[in-house]
Amino acid sequence: MKLLRKISAVICAIALVVTSVVFYPSNARAESYDSLTYKTLGDNVAFSRLSDGIEGMSPDSPLLLDGGMTLQFAFAATNENVKLQLNGENVTKSDERVIELGNNIVKINPQKFADNSYTLITITSSKGTSEYVIKKGNPTSSGEIPTGSGETDTTSEQKTTQPGQTTVAPVQTTTAQAASSVPKKLLGLDTATVSGTDKIDNAVMFAWAGADNPDNVDGYDPSVTSAVIYIYKDGTLVTKIGNATNGGVVGGLSAGNYTAQAANVNSKGEGPLSEAKEFTVTGDTLNYAYPKNCVGPKTPNGLSLITGNPEVPADNPAQADNKLGVAWAPSSQSDIPAYDPSVVGYNLYIFDAATGTPYRRAYIDGASTSNVILESVSSGTYLVFLSAVNAEGEESAFAAPSFGQSSKVTVKGEKIDNAQSFDKPNQPTLPLGLTIITEGIQYGFTVAWSSDSDFTGQKLNLFVDGVCIKCGINGNEPSYYENRLASGTYTVEVRSQYTSNNVESFGLSKTITVAADPGLDTKTPAELADPSYQEYQEIETTGQQIESTNDADETTVNSVETTGGSVETTKGDDIQTTVIVQTTKEIETPTGKPSVTNPTTAKPKSTIAPKNNIKVGKVSVKSAVKKKNAKKVNIKFKKVTGATKYKIQVSNKKNFKRVLVNKTVKKVSVKLSSKKIKKVKKLYVRVKAVRVVSGKTYEGAWSKPKRIKIKK
């Protein structure tokens, strides 16, 4: 709890620097809550509608569902930038009273409201404002009703709020008007890498004259919904940043000279590009290609390093050896410029500052997450950046600390050989406070971690001398006791593993000496090996090639016979394609079109044997069904004769350019679970059979991609 309070203090300080609070105040009305007419919804819940100003609000709203646990407000999907207030206080999805907050729905749990109370609910969107009073039980206090005009206050003057609310200066808000043409030219683009004596490493701050500001006479355009920024180096596009934040800091740029242009965006598309602005990025040379398209969520605000921060006490876990702590203002925070309800998590990028090469990339789940402490980080100096990720897998540009806060941090401790290229899948993070304890334990040892750790979609695996002796030690208690080992000295390691694709973190390890428990038949690590443990398998060259067709979303699988070959690499605009140059003939396809390997194939070497005379049939997927907003999908497919197991992939792209779930199973009817697919609107599945003969593995072709049916 002390750690959380300290981190929260850091985040609050950051939030005050990077943002102004949005608040829509009202004046007092003469009536009281108990003078209103209420409509009963359930045994102890009723409502009264004060104003109905949201265009497209369902006339049935609100509905009481799920046995009284869900109060639902539904409205047209064209509503955007939906915000929620409870009793005048801005709330987000991180609030326990909020179940869902999106662009076409708000769900609240009325059972989390105080007993015998009135609650004022204010829902604001791009299409207006609606206000309701929810009555729970039999309140003894009458309360006082704020005015509900159905319109958003757009002034920036200081306001006096109702009792119990804070006096704040809200930022100006303007609802975008319908567009008849592309927007006006973006004016006043400016860049900064130095402010006084302060500078930012490998980053730049962008600002411009806002199209929503009437004082910007030549550039004022109420149809504008967002802005994009194009960054060039030596005449070549480095990246395109969508949903750019005015005043935002973009990091992860290698030192050098750049040029930027920006454009306003409305429903008709992008407007004219701004005047070009040259700027120089200071810092280190990063040996990494910036993503060409950062057109996903807004770039996060308020990135700050906990490790090495002199304002963070030395006893904070983030200051310990081999740990790296980072904090930021969460994208779910509705009163900051980076607020973005599409965000589902974050990617933390860490570069080795000495070489400029990628060190590690970790995924942090949850839009409301505001900090993380990475365990088992090798000692060294690093550059740290953060991106926001939406359910479609799209990323924002990289966020960097602002002026006066360096992107560079030094981690103390031991040197650990655990670097991971960004080309590999995101690894999970080890739980906070993870430790291996032998002190005071007569036999064996204990693994412990913080009770606040979130293991959604993850499990902890225990290794001894490289052998997994227990898969999934995280149970109901924040510790695990192991006493099955024979006496001896061992290297004990704990790793976190995603349950969806078996990707593992780098482990926390410790060399210990244990005594055998006389009450047990103790064994060696090999004898204790857990058969349920499955390693992550990289995508490998399998003796198959994927043929590109005219339809970018379609792929055709061809078999090839290989006796060896060389590797050639070609680069396109957005992807790198590895082509295996075969030295033997290719089996002709019905279309006769040339074949290239799957763009996601990273290595030409394979542990899977050529097909020779072993044939593996092609799978046919019978059904694939998922409930809306569920993280489970039910998949059934036909059994293939001779198949030992089956590989299943789920993607949001028909060409499977991005795989969300990668699973190996033995049954032909399975349920796959992953938070990554919970809110994705369009999903596809494909399956292929695997046959193991005499220790060698043979794979069939992927099934035809099947669209997953999403039920309401």
Between [X] and [Y] (side chain of the first, backbone of the second, donor and acceptor by atom type, cut-off under 3.5 Å), is there such a pair?
| X | Y | value |
| --- | --- | --- |
| Ser396 | Gly296 | no |
| Asn301 | Ala338 | yes |
| Lys626 | Lys678 | yes |
| Asn287 | Thr355 | yes |
| Asn461 | Gly472 | yes |
| Ser226 | Val265 | no |
| Gln261 | Ser274 | yes |
| Ser376 | Gly507 | yes |
| Thr239 | Pro291 | yes |
| Asn266 | Lys268 | yes |

Should [X] and [Y] count as side-chain neighbours, where that means a heavy-atom distance under 4.5 Å?
| X | Y | answer |
| --- | --- | --- |
| Tyr646 | Val670 | no |
| Ser407 | Asn202 | no |
| Lys618 | Val640 | no |
| Glu699 | Val616 | no |
| Tyr346 | Ser331 | yes |
| Val621 | Arg686 | no |
| Glu270 | Val228 | yes |
| Tyr258 | Val204 | no |

Ignoring hydrogens, what is the shortest heavy-atom contact between [X] and [Y]? Give both atom names and the distance.
| X | Y | answer |
| --- | --- | --- |
| Asn264 | Pro183 | O-CG, 3.3 Å |
| Val281 | Ala203 | CG1-N, 3.7 Å |
| Pro297 | Val343 | CB-CG2, 3.5 Å |
| Ser368 | Ser94 | CB-CB, 3.4 Å |
| Asn662 | Gln649 | OD1-CG, 3.6 Å |
| Gly252 | Phe385 | N-CE2, 3.2 Å |

> By ring-ring contact (aromatic ring centres under 6.0 Å, His included), which residues pair with Phe422, not counting sequence neighbours?
Replying inline: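 Counting only residues at least two positions away or on another chain, Phe422 forms a ring-ring contact (aromatic ring centres under 6.0 Å, His included) with Tyr288, Tyr349, Phe351.
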>> Applying side chain to side chain contact (heavy atoms under 4.5 Å, CB included) to Val685 and Val650, what does each step give before you reach the verdict?
In response: CA-CA 5 Å; Val685 63; Val650 177; 4.1 Å; yes
> Is there any salt bridge (Lys or Arg N to Asp or Glu O under 4.0 Å) pair reaching into residues 355-366, and which pairs are they, with sequence neighbours excluded?
Replying inline: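 Those involving residues 355-366 are Asp365-Lys675.
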> Less than 6.0 Å separating the ring centroids of Phe656 and Trp702?
Replying inline: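 Between Trp702 and Phe656, which both carry aromatic rings, the centre distance is not below 6.0 Å.
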Measuring from atom [atom1] of [X] to atom [atom2] of [Y], what distance do you get when rounded to the nearest 0.5 angstrom?
| X | Y | atom1 | atom2 | answer |
| --- | --- | --- | --- | --- |
| Lys645 | Lys666 | NZ | NZ | 7.5 Å |
| Lys681 | Ile710 | NZ | CD1 | 10.0 Å |
| Lys676 | Arg658 | NZ | CZ | 6.5 Å |
| Asn418 | Tyr359 | CG | OH | 3.5 Å |
| Glu395 | Leu386 | CD | CG | 9.5 Å |
| Phe637 | Ser703 | CZ | OG | 9.0 Å |

> For Ser532, what residues pass the side chain to side chain contact (heavy atoms under 4.5 Å, CB included) criterion, not counting sequence neighbours?
Replying inline: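 Once residues adjacent in sequence are excluded, the partners of Ser532 under the side chain to side chain contact (heavy atoms under 4.5 Å, CB included) criterion are Cys471, Asp530.
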> Who pairs with Ser496 by side chain to side chain contact (heavy atoms under 4.5 Å, CB included), at least two apart in sequence or on another chain?
Replying inline: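 By the side chain to side chain contact (heavy atoms under 4.5 Å, CB included) rule, Ser496 matches Pro428, Leu430, Gln458, Leu460, Ser505.
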> Among all residues two or more places apart in sequence or in another chain, which pass the side-chain hydrogen bond (donor to acceptor under 3.5 Å, both in side chains) test with Thr236?
Replying inline: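 With sequence neighbours excluded, Thr236 shows a side-chain hydrogen bond (donor to acceptor under 3.5 Å, both in side chains) to no residue whatsoever.
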Enumerate, atom names and distances included, each donor-acceptor pair closer than 3.5 Å involving a side-chain atom of residues 627-636, sequence neighbours excluded.
none

>> I'd like to know whether Ile677 forms a side chain to side chain contact (heavy atoms under 4.5 Å, CB included) with Ile708, so could you lay out the CA-CA distance, the side-chain angles of the two residues, the decisive distance to 0.1 Å, and finally the verdict.
In response: CA-CA 11 Å; Ile677 65 174; Ile708 295 175; over 6 Å; no
>> The test is side chain to side chain contact (heavy atoms under 4.5 Å, CB included); show your working for Lys638 and Val668 and say whether it passes.
In response: CA-CA 7 Å; Lys638 291 185 178 180; Val668 295; over 6 Å; no
> Please walk me through it: do Thr259 and Tyr230 pass side chain to side chain contact (heavy atoms under 4.5 Å, CB included)?
Replying inline: CA-CA 8 Å; Thr259 302; Tyr230 294 87; over 6 Å; no
> Is Lys233 positioned over the aromatic face of Tyr290, cation under 6.0 angstrom from the ring centre and no more than 45 degrees off axis?
Replying inline: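 Ring-cation test returns no.
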